[in-house]
2 protein chains.
Amino acid sequence: MSVGIRDVARVAGVSTATVSRALGRGPVSDAVREQVEAAVRATGYRPNLSARRLRSKAAQTIGLIVADIRNPFFTAVSRAVEDAAYAAGMRVILCNTDEDPAREAMYLRLMEEERVTGVIFAPTKVTADGLRADSLSFPTVFIDRSGLPGAHDSVVLDNAAAAASLVDHLVAQGFKRIGGLFGSTSSTARERQAGYAAAMARYDLAPLARSVAPNAAAAETEATRWLSQPDRPEALILSNGLMLMGAVRATRTLGLAVPKDLALAGFDNEPWTDLVEPGLTVIEQPVAEIGAQAMRLLFERIEHPGQPVRKVTLSGRAVLRSSTRRGGGLVIQCPLARYPAFALPLRPTLGFLPRSLG
Amino acid sequence: MSVGIRDVARVAGVSTATVSRALGRGPVSDAVREQVEAAVRATGYRPNLSARRLRSKAAQTIGLIVADIRNPFFTAVSRAVEDAAYAAGMRVILCNTDEDPAREAMYLRLMEEERVTGVIFAPTKVTADGLRADSLSFPTVFIDRSGLPGAHDSVVLDNAAAAASLVDHLVAQGFKRIGGLFGSTSSTARERQAGYAAAMARYDLAPLARSVAPNAAAAETEATRWLSQPDRPEALILSNGLMLMGAVRATRTLGLAVPKDLALAGFDNEPWTDLVEPGLTVIEQPVAEIGAQAMRLLFERIEHPGQPVRKVTLSGRAVLRSSTRRGGGLVIQCPLARYPAFALPLRPTLGFLPRSLG
DNA sequence: CTGAAAGCGCTTACAG
DNA sequence: CTGAAAGCGCTTACAG
């Protein structure tokens with residue numbers, strides 16, 4: 001049947017232990033290594049990874065648990081995670097939770113049964129808050145969202161600052177009735193909401209915040225309802241890219257002109273946000289960097305299990321486009337620039353450098 | 001250390017064989033099953049899947065090999081695959097090849113070493129053409145692309161018909177100089193190109209086809225060059241969603257009005273295609289259906305290894321929007337309709353039903 | 001329905 | 001540098 005290491009050993013005229021060493025980084029003579037490689041080729045041998053994992057207790061597997069791979073933010077992050085994983089000789093098991101704590105529990109359990117090397121996880125707030133430092137039997141790095149302070153390594157955006165910078169910008173443009181529609185399930189959405197509220201308070205403006213499930217359909221429904229009211233806001237901030245798309249659809253349905261009737265700003269600089277008319281002001285997240293940093297943290301945690309918990313906070317970059325331009329009406333199309341950003345003083349200089357690491 | 005099946009057996013007062021049966025679907029008395037379950041809870045036992053796989057020779061793992069998960073088509077398909085896999089108690093190992101045959105070979109080899117239950121694969125043309133029916137040691141279903149006729153199960157779009165329907169529509173709108181920019185690496189792109197050429201021939205029109213790497217950047221570069229020429233086409237068909245986005249960017253850069261200066265049509269009904277101005281005419285693919293059908297074919301192949309090779313061909317649906325409206329200039333925005341499609345007789349009635357299955 | 005024993009295919013001390 | 005032997009943690013005939 002299937003050729004095993006014993007067949008290779010027989011053909012090469014050595015022991016299975018030697019074959020194993022020749023295939024790994026064990027000490028073997030060059031002559032023997034060549035014999036073994038020839039035997040592998042002759043027999044078409046493929047090592048059985050389940051056996052290898054069982055014996056060596058090294059799964060060489062990373063678990064990646066996200067809300068939904070179809071969210072472009074997670075798509076991009078997961079691609080970065082996979083690149084780093086395969087470069088390190090690891091495989092990736094991908095799981096979608098749909099923001100459902102029951103599914104999160106199921107997948108965490110699967111990770112235990114797989115004896116994974118480590119996990120990268122974007123948990124719901126409910127799950128994150130229930131996970132103490134010793135709850136998980138494998139190294140874990142949270143991405144996009146954080147849990148109990150000091151409990152787990154994490155890579156997150158400076159959400160409060162990013163949301164505040166959007167408020168700063170809108171206020172500078174002269175908007176006052178600035179609403180915010182935030183996701184209801186993640187710590188990230190909460191932080192963005194808090195940053196929004198704090199910034200509004202700084203300007204003595206009343207916060208107008210609502211929260212819904214963080215997807216396009218829910219945001220569209222809620223935005224349509226909200227914007228139909230006579231006292232609707234004159235600007236709206238959305239807490240992620242899916243919700244921003246839902247809000248755009250709502251404005252189209254209601255026939256609202258952006259930014260004349262309603263200014264729009266959000267998160268995630270997805271390719272379509274500068275293709276729609278008007279272009280949308282967004283906070284760009286360093287998605288590839290988030291994935292890469294998460295893998296770095298994970299590998300370092302695996303090497304030094306006892307080291308202090310670390311939280312890497314990355315800054316977003318405000319990409320200013322016409323959707324937040326005061327006055328509206330005269331929307332200038334800037335076909336030549338990829339980012340037809342109009343210059344504006346944005347208070348904190350936002351970049352992609354880690355702002356804290358400790 | 002880690003608790004194993006022996007610990008559970010000891011606590012439950014039974015043999016490890018009985019624990020194994022109680023946890024599986026083996027025949028055990030209700031009393032024993034309850035004892036075992038209590039022992040599992042008491043010990044926090046988690047079965048070691050590597051050991052289980054090694055012994056039972058059932059990996060319960062599906063390999064999913066696609067060009068790039070960031071291509072929304074693959075994102076959607078992969079989500080469907082994962083849902084079906086986890087529903088069947090299987091895990092998914094995800095691999096991105098970037099259309100690189102060397103990476104494809106590497107991942108196929110990985111699948112052998114994992115002894116996967118089956119693989120769902122979107123191969124490049126080079127790799128697909130080199131894979132005979134007996135080349136792979138595991139059940140495989142091709143998606144989006146097919147290989148040698150009769151060699152592998154596959155789920156594909158009726159690409160030629162879909163491309164032809166785009167030509168039919170453009171011709172009906174009065175366009176004559178209809179160009180086509182197609183991907184260079186997949187059988188799918190070739191079929192779309194062939195369907196385009198055949199349709200053009202039916203109308204006695206000269207085909208104007210070019211091909212590039214199937215990504216946004218390459219398409220933008222080539223489209224910019226092509227559309228800068230004095231004899232540029234008056235309509236352009238793009239062979240996937242990424243390339244369509246690249247073409248839109250090219251028209252913006254060149255200041256071309258769509259559809260007045262250039263009509264645009266493509267594949268993949270991504271959410272942004274009806275958010276840009278003008279809305280883009282596209283062939284919508286039944287993405288979830290493709291993923292689900294692929295899993296169905298895979299499971300059936302696993303159950304009946306000897307059955308004849310099957311090819312499921314699904315039809316696309318033409319979504320007509322303003323980007324292909326003759327005359328241009330007066331582009332009417334239709335904010336209320338999700339699909340502001342203008343009515344048009346589209347020759348074949350395209351739906352999502354399997355057109356062939358055998 | 002239950003248990004004792006063998007063994008899945010590897011790697012890893014342990015000797016030499 | 002190399003080999004003989006043990007064993008990773010399960011499941012599965014084989015008996016009873």
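Naming: A, B, ... by sequence-line order, numbering from 1 per chain.
Here B:R10 pairs with B:D7 under the salt bridge (charged side-chain N to carboxylate O under 4.0 Å, His left out) rule; sequence neighbours left out. Looking at residues two or more places apart in sequence or on another chain, you find a side-chain hydrogen bond (donor to acceptor under 3.5 Å, both in side chains) between A:T18 and A:S15. Every salt bridge (charged side-chain N to carboxylate O under 4.0 Å, His left out) that B:R109 has, sequence neighbours left out, goes to B:E113. Judged as a salt bridge (charged side-chain N to carboxylate O under 4.0 Å, His left out), and not counting sequence neighbours, A:D144 has no contacts. Take A:R301 and apply the salt bridge (charged side-chain N to carboxylate O under 4.0 Å, His left out) test, not counting sequence neighbours, and it matches A:D153.
Residue pairs meeting the salt bridge (charged side-chain N to carboxylate O under 4.0 Å, His left out) criterion with at least one member in residues 28-54 of chain B, sequence neighbours excluded, are A:E112-B:R46, A:E114-B:R53. Within the structure, ring pair (Phe, Tyr, Trp, His ring centres under 6.0 Å) pairs that include any residue of residues 16-61 of chain A do not occur (at least two apart or interchain).
When side chains are defined from C-beta on, B:L157 does not count as touching B:T188, because their heavy atoms never get closer than 4.5 Å. For the pair B:K311 and B:S146, the minimum side-chain heavy-atom distance is below 4.5 Å.
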Worksheet item: Which dot-bracket notation, 5' to 3', represents the base pairing of DNA chain C when pairs are defined as Watson-Crick or G-U with both distances under 3.5 Å, crossing pairs as [ ], and inter-strand pairs as |?
Response: |||.||||||||.|||
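For residues 45-61 of chain A, proximity to DNA chain D is found at A:L54, A:R55, A:K57, defined as any non-hydrogen atom under 4.0 angstrom from a strand atom. For the segment residues 5-22 of chain A, the set of residues with a heavy atom within less than 4.0 Å of an atom of DNA chain D comprises A:V14, A:S15, A:A17, A:T18, A:R21, in numerical order.
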Donor-acceptor pairs under 3.5 angstrom involving side-chain atoms of residues 93-101 of chain A: please list them, not counting sequence neighbours.
{"unit_1": "A:N96", "atom_1": "OD1", "unit_2": "A:I69", "atom_2": "N", "d": "2.7"}
{"unit_1": "A:N96", "atom_1": "ND2", "unit_2": "B:E82", "atom_2": "OE1", "d": "2.5"}
{"unit_1": "A:T97", "atom_1": "OG1", "unit_2": "A:V66", "atom_2": "O", "d": "3.4"}
{"unit_1": "A:T97", "atom_1": "OG1", "unit_2": "A:E99", "atom_2": "N", "d": "3.1"}
{"unit_1": "A:D98", "atom_1": "OD1", "unit_2": "B:R79", "atom_2": "NH1", "d": "2.9"}
{"unit_1": "A:D98", "atom_1": "OD1", "unit_2": "B:R79", "atom_2": "NH2", "d": "3.3"}
{"unit_1": "A:D98", "atom_1": "OD2", "unit_2": "A:R103", "atom_2": "NH1", "d": "3.2"}
{"unit_1": "A:D98", "atom_1": "OD2", "unit_2": "B:R79", "atom_2": "NH2", "d": "2.8"}
{"unit_1": "A:E99", "atom_1": "OE1", "unit_2": "A:R145", "atom_2": "NH1", "d": "3.1"}
{"unit_1": "A:E99", "atom_1": "OE1", "unit_2": "A:T185", "atom_2": "OG1", "d": "3.0"}
{"unit_1": "A:E99", "atom_1": "OE2", "unit_2": "A:R145", "atom_2": "NH2", "d": "2.9"}
{"unit_1": "A:D100", "atom_1": "OD1", "unit_2": "A:A102", "atom_2": "N", "d": "2.9"}

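Interface limits on DNA chain C: the 5'-most and 3'-most nucleotides within less than 4.0 Å of chain A heavy atoms are C:dG9 to C:dA13.
D:dG16 and D:dT12: their C1' atoms are spaced 16 Å apart (whole Å).
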